[in-house]
Amino acid sequence: MQFATWNVNSLSVRLPQVLDWLATNPEVEVLALQETKLTDDKFPLQLLNEAGFQVHFFGQKTYNGVALISRTQTGTDVVRNIPGMDCDMARVLSATYTAPNGQPVRVVNGYFPNGQAPGTDKFAYKMRWLTALREWLRGELVKTPQLILLGDFNITFDDLDVYDPVALHETIHCTTEERTHLQDLIGLGLTDSHRLFPQPEKSYSWWDYRGFAFRRNNGLRIDHILVSDALKPFATACSIDRLPRKNERPSDHTPVVLTLGATA
DNA sequence: ATGACTAAACCTTTTAGA
């Protein structure tokens with residue numbers, strides 16, 4: 001059973017690619033989307049239902065917007081955003097599914113703030129948002145020890161996740177302050193599933209549309225799937241699927257896929 | 001070159017993304 005994340009940068013534009021990808025990846029049970037950029041009244045619920053999928057979604061106009069698409073499961077206890085945090089943006093959507101071991105798994109889908117640049121108001125908001133997420137997740141992990149935090153984190157773990165660490169030293173997505181927040185999330189008892197397994201060198205999940213960045217593999221690894229300590233023994237693979245980045249009119253992000261087995 | 005693409009809205013120009 002697989003859990004995947006994909007920042008689609010407009011679901012209106014990318015819906016055919018999402019449906020195609022789900023058709024060619026039948027093991028994917030839950031797909032978390034970010035940047036749907038659709039208000040809930042415009043969400044393609046009927047098309048996805050007709051294709052056999054169950055969906056939860058939470059969006060807004062122009063920016064942000066998240067969704068959870070599942071193949072067979074309904075998903076329960078749906079929660080929008082970070083409870084207790086005053087935030088008018090559609091960035092988080094959580095639901096509980098059943099893992100292959102038969103136990104519930106809390107799936108938290110996040111579109112983390114971009115942060116623009118260190119020193120800006122948007123960067124300060126990103127820091128506040130990360131603190132609020134961490135404190136809320138602390139309680140979620142007690143309620144549901146099996147938890148997956150996945151999405152577009154807009155943060156690299158370290159220089160391995162950066163195509164040019166020298167040029168991008170302490171720039172947005174690569175600052176010590178952001179990475180400290182990411183490590184604080186790890187400190188809750190979460191693990192970067194990507195690094196649990198051997199990966200190709202220079203593995204990235206996002207490439208700029210400009211300057212032939214994908215062809216040159218000038219990318220960043222900013223889309224992540226974190227698994228809780230309780231779920232970690234069941235992880236059997238984690239991979240970045242670069243194929244959709246080669247589509248016509250691609251998203252600038254490509255899917256990341258976690259595979260869970262039934263036994264530890 | 002505070003640039004290069006892409007998407008959406010305030011739509012032939014601006015804002016934001018990362």
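Values below: every heavy atom of this structure, side chains too, minus hydrogens, waters and symmetry copies. Note on naming: letters A, B, ... go to the chains in the order of the sequence lines (proteins, then strands), and numbering restarts at 1 for each one.
Look at the C1' atom in both dT2(B) and dA18(B): the space between them is 14 Å, to the nearest Å. Across dG17(B) and dA1(B), the matching P atoms stand 26 Å from one another, rounded to whole Å. Taking atom P in both dT6(B) and dC11(B), one finds a spacing of 22 Å when rounded to whole Å. Comparing the C1' positions of dT12(B) and dA7(B) gives an interatomic distance of 16 Å, to the nearest angstrom. Look at the P atom in both dA4(B) and dT13(B): the space between them is 16 Å, to the nearest Å. Separation of the P atoms belonging to dG3(B) and dT15(B) is 12 Å when rounded to the nearest angstrom.
Take Asp86(A) and apply the side-chain hydrogen bond (donor to acceptor under 3.5 Å, both in side chains) test, not counting sequence neighbours, and it matches no residue. Among residues two or more places apart in sequence or in another chain, the side-chain hydrogen bond (donor to acceptor under 3.5 Å, both in side chains) test is passed with Thr259(A) by Gln2(A). Scanning for side-chain hydrogen bond (donor to acceptor under 3.5 Å, both in side chains) contacts around Thr156(A) gives Arg179(A), with sequence neighbours left out. With sequence neighbours left out, Lys143(A) forms a salt bridge (charged side-chain N to carboxylate O under 4.0 Å, His left out) with Glu140(A).
At a threshold of 4.0 angstrom between heavy atoms, the contacts of Phe212(A) with the nucleic acid are absent. Residue-level contact check: Asn218(A) touches neither bases nor backbone, having no heavy atom under 4.0 Å from any strand. Backbone-only contact: Glu35(A) has heavy atoms under 4.0 Å from sugar-phosphate atoms and none from a base. Residue Lys122(A) is classed as a sugar-phosphate contact, given heavy-atom separations below 4.0 Å to backbone atoms only. Among the protein residues, Asn154(A) comes within range of the sugar-phosphate backbone only, with heavy atoms under 4.0 Å from sugar or phosphate atoms but none that close to a base. Residue Phe214(A) is classed as having no contact, given no heavy-atom separation below 4.0 Å to the nucleic acid. Across all strands shown, Asn7(A) has heavy atoms under 4.0 Å from sugar-phosphate atoms exclusively, and none from any base.
Where Asn9(A) and Ile172(A) each meet DNA chain B at their nearest nucleotide, the meeting point lying more 5' is that of Asn9(A). In terms of position along DNA chain B, the nucleotide closest to Ser10(A) lies nearer the 5' end than the nucleotide closest to the other residue of the pair Pro113(A) and Ser10(A).
Looking at Asp192(A) and Arg221(A), a side-chain N of the basic residue comes within less than 4.0 Å of a carboxylate O on the acidic one, giving a salt bridge.
For residues 114-123 of chain A, there are no side-chain hydrogen bond (donor to acceptor under 3.5 Å, both in side chains) pairs, not counting sequence neighbours.
By the neighbour-count criterion of 12 heavy atoms within 6.0 Å, atom CD of Glu170(A) is densely surrounded, having more than that number from other residues, nucleotides or ligands.
Heavy-atom contacts of chain A under 4.0 Å fall on DNA chain B between two terminal nucleotides, which in 5' to 3' order are dA4(B) to dA18(B).
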